[in-house]
Enquirer: 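I'd like to ask you about the structure that follows.
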Amino acid sequence: MADLNPKPEEVQINVPHLRTGFKEKFAENIMNGVYDQRDVDRLDKDDAYARAFLRTLKANGDAAKAMDLIDNCFRFRKSIGLWDLTTDDFPSEIKDRNAIYFKGKDKNGHPILYVNVKENLATDDVMPLLKQYIAWVIEQHHGKDPEQMCVVLMDMGSADPCNLGSDVTKYLIACFTIYFPAFLAYLIYYDIPDVLSGTLSAVGSVLHDDKMNQKLLTVKKTEITKYISLEHLWPHMK
């Protein structure tokens with residue numbers, strides 16, 4: 001699938017303007033500790049991370065638009081304490097679901113983030129922790145290499161409308177489109193039941209972005225090898 005995001009070399013020229021503009025526009029937030037200072041420092045020192053915001057479809061190289069994305073992203077990261085989370089912060093009840101993890105690569109070399117959609121439900125008391133865990137898993141990759149885009153493989157087997165309409169599914173889309181800039185190469189809805197097609201369209205419509213919608217693919221079992229080789233597929237997909 002063709003990459004719709006600007007390339008790193010196409011946006012590098014705007015990195016200095018992005019940094020100075022962000023510090024000027026959001027100086028009060030920085031001074032008042034609205035963001036984690038480690039995020040601010042990283043933006044100032046890590047060119048790849050700065051380029052990631054410019055490479056988003058919403059910014060498309062525009063530094064002014066990227067500044068607002070940074071503000072949203074940094075607020076989110078501090079709100080969940082992302083820098084300080086470790087695997088020990090999550091109980092086995094969350095980790096043993098195997099609801100989200102990285103494994104293998106697609107045919108273009110993109111790492112695959114596997115999401116078991118039917119495990120996306122949680123009680124109100126567990127929901128905040130599950131959302132933290134999802135962000136922590138994504139951060140394990142994005143924090144190390146913000147310019148390596150990934151494929152999200154959403155396994156729809158046994159999913160029902162409650163899964164697709166859940167807060168967690170909407171939160172996942174926000175992670176892929178806002179909180180982790182230029183993370184998503186494309187997203188595969190795998191083997192979605194016909195009964196969920198309408199619900200899926202409704203979920204996709206909240207993006208209000210034609211280019212982003214081009215990244216959302218509905219793929220059946222007979223088509224999955226167009227994107228992922230057999231050796232990288234899960235047993236039930238072969």
Side-chain angles (χ1 to χ4, degrees), residues 29-30 32-46 48-50 52-53 69-106 110-159 162-164 166-185 187-188 190 232 234-236:
N29 287 353
I30 295 171
N32 293 334
V34 173
Y35 316 128
D36 189 312
Q37 186 59 42
R38 289 169 288 187
D39 284 321
V40 178
D41 292 342
R42 184 184 180 196
L43 179 70
D44 210 32
K45 298 174 182 177
D46 187 341
Y49 190 51
F53 290 98
L69 293 174
I70 294 170
D71 173 54
N72 289 333
C73 176
F74 283 7
R75 286 174 183 271
F76 162 76
R77 291 174 64 87
K78 182 165 184 179
S79 73
I80 66 168
L82 190 53
W83 273 97
D84 298 313
L85 293 176
T86 71
T87 186
D88 294 333
D89 290 315
F90 305 104
S92 56
E93 175 190 355
I94 296 291
K95 293 184 285 190
D96 290 351
R97 293 181 179 206
N98 287 324
I100 180 168
Y101 56 90
F102 283 95
K103 178 185 174 183
K105 295 183 178 181
D106 78 339
H110 297 113
I112 299 170
L113 177 65
Y114 175 80
V115 180
N116 188 342
V117 175
K118 71 179 179 180
E119 297 294 339
N120 275 350
L121 292 177
T123 56
D124 289 344
D125 58 322
V126 175
M127 185 73 72
L129 198 59
L130 178 58
K131 288 182 176 180
Q132 278 188 313
Y133 181 68
I134 289 169
W136 178 79
V137 169
I138 298 173
E139 176 71 1
Q140 300 315 294
H141 167 81
H142 195 267
K144 295 175 183 175
D145 191 354
E147 291 192 316
Q148 173 62 72
M149 301 178 78
C150 296
V151 172
V152 176
L153 176 57
M154 296 190 73
D155 190 346
M156 308 301 294
S158 302
C162 292
N163 295 118
L164 274 185
S166 74
D167 285 344
V168 176
T169 299
K170 295 171 185 175
Y171 172 75
L172 279 164
I173 292 175
C175 283
F176 305 149
T177 56
I178 301 172
Y179 302 142
F180 296 92
F183 169 85
L184 183 67
L187 183 150
I188 293 175
Y190 173 75
H232 289 294
W234 281 250
H236 68 283

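What you see is a predicted model; the values in this text were computed from it and never measured.
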Enquirer: What is the distance from atom CD1 of Ile178 to atom CD1 of Ile173, rounded to the nearest 0.5 Å?
Expert: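 Answer rounded to 0.5 Å: 10.5 Å.
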Enquirer: Sequence neighbours left out, what passes ring pair (Phe, Tyr, Trp, His ring centres under 6.0 Å) with Tyr49? Give chain and number order.
Expert: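 Partners of Tyr49 by the ring pair (Phe, Tyr, Trp, His ring centres under 6.0 Å) criterion, ordered by chain and then number, come out as Phe53.
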Enquirer: Can you check whether Leu43 reaches Phe74 side chain to side chain, under 4.5 Å on heavy atoms?
Expert: yes
Enquirer: So do the side chains of Val126 and Tyr133 get within less than 4.5 Å of each other, counting heavy atoms only?
Expert: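 A side-chain contact is absent here, since even the closest heavy-atom pair is not under 4.5 Å.
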Enquirer: Does the side chain of Tyr190 come within less than 4.5 Å of Met154's, by heavy atoms?
Expert: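 They are not in contact (no side-chain heavy atoms under 4.5 Å apart), so the answer is no.
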Enquirer: Heavy-atom distance under 4.5 Å between the side chains of Ile70 and Asp39, does that happen here?
Expert: no
Enquirer: To the nearest 0.5 Å, tell me how far Asp125 CG sits from Leu130 CG.
Expert: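 So the CG of Asp125 and the CG of Leu130 are separated by 11.5 Å.
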Enquirer: I'd like to know if the side chain of Arg42 and the backbone of Gly143 have a donor-acceptor N/O pair within less than 3.5 Å.
Expert: yes
Enquirer: Would you mind reporting whether His232 and Asp106 have side-chain heavy atoms less than 4.5 Å apart?
Expert: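 No. Closest side-chain heavy atoms not under 4.5 Å.
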Enquirer: Is the shortest side-chain heavy-atom distance between Asn116 and Asn98 below 4.5 Å?
Expert: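 In short, these two side chains do not touch, never coming nearer than 4.5 Å.
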Enquirer: Sequence neighbours left out, what passes salt bridge (charged side-chain N to carboxylate O under 4.0 Å, His left out) with Arg38? Give chain and number order.
Expert: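 Salt bridge (charged side-chain N to carboxylate O under 4.0 Å, His left out) check on Arg38 returns Asp36, Asp84.
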Enquirer: Would Ile134 and Val115 count as a side-chain contact (heavy atoms from CB on, under 4.5 Å) here? Give the steps.
Expert: CA-CA 10 Å; Ile134 289 169; Val115 180; over 6 Å; no
Enquirer: How close do Ile112 and Trp234 get, heavy atom to heavy atom, and via which atoms?
Expert: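 In terms of heavy atoms, the two residues are closest at CG2-CH2, 4.0 Å.
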Enquirer: Would you please classify the geometry between the Trp136 ring and the Phe90 ring as parallel, tilted or perpendicular, with 30° and 60° separating the classes?
Expert: tilted
Enquirer: Do you know the tightest heavy-atom contact between Ala182 and Met149?
Expert: O-CG, 3.2 Å
Enquirer: Can you list the residues that meet the salt bridge (charged side-chain N to carboxylate O under 4.0 Å, His left out) rule with Asp89, with sequence neighbours excluded?
Expert: none
Enquirer: Any idea which heavy atoms bring Arg75 and Asn29 closest together, and the distance?
Expert: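 Minimum heavy-atom contact is NH2-ND2, 3.2 Å.
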Enquirer: Tyr114: what forms a side-chain hydrogen bond (donor to acceptor under 3.5 Å, both in side chains) with it, not counting sequence neighbours?
Expert: Asp155
Enquirer: Could you pull out all residues at least two apart from Ala135 that satisfy side chain to side chain contact (heavy atoms under 4.5 Å, CB included)?
Expert: Phe76, Ile80, Leu82, Tyr171, Phe180
Enquirer: Please tell me if the side chains of Leu172 and Ile100 come closer than 4.5 Å, counting only heavy atoms from C-beta onward.
Expert: yes
Enquirer: Return yes when atom NZ of Lys105 has more than 12 non-hydrogen atoms of other residues, nucleotides or ligands closer than 6.0 Å, and no otherwise.
Expert: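 Check fails, neighbour count at 12 or below.
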Enquirer: Where do Tyr179 and Asn72 land on the side-chain hydrogen bond (donor to acceptor under 3.5 Å, both in side chains) test, with the steps shown first?
Expert: CA-CA 7 Å; Tyr179 302 142; Asn72 289 333; over 6 Å; no
Enquirer: Quick one: side-chain hydrogen bond (donor to acceptor under 3.5 Å, both in side chains) pairs with a partner in residues 138-153, sequence neighbours left out?
Expert: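 Residue pairs passing side-chain hydrogen bond (donor to acceptor under 3.5 Å, both in side chains), neighbours aside: Arg51-Glu147, Arg77-Glu139.
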Enquirer: Roughly how far apart are Cys175 SG and Ile138 CD1, rounded to 0.5 Å?
Expert: 4.5 Å
Enquirer: Under 3.5 Å, is there a donor-acceptor pair between the side chain of Lys95 and the main chain of Thr87?
Expert: yes
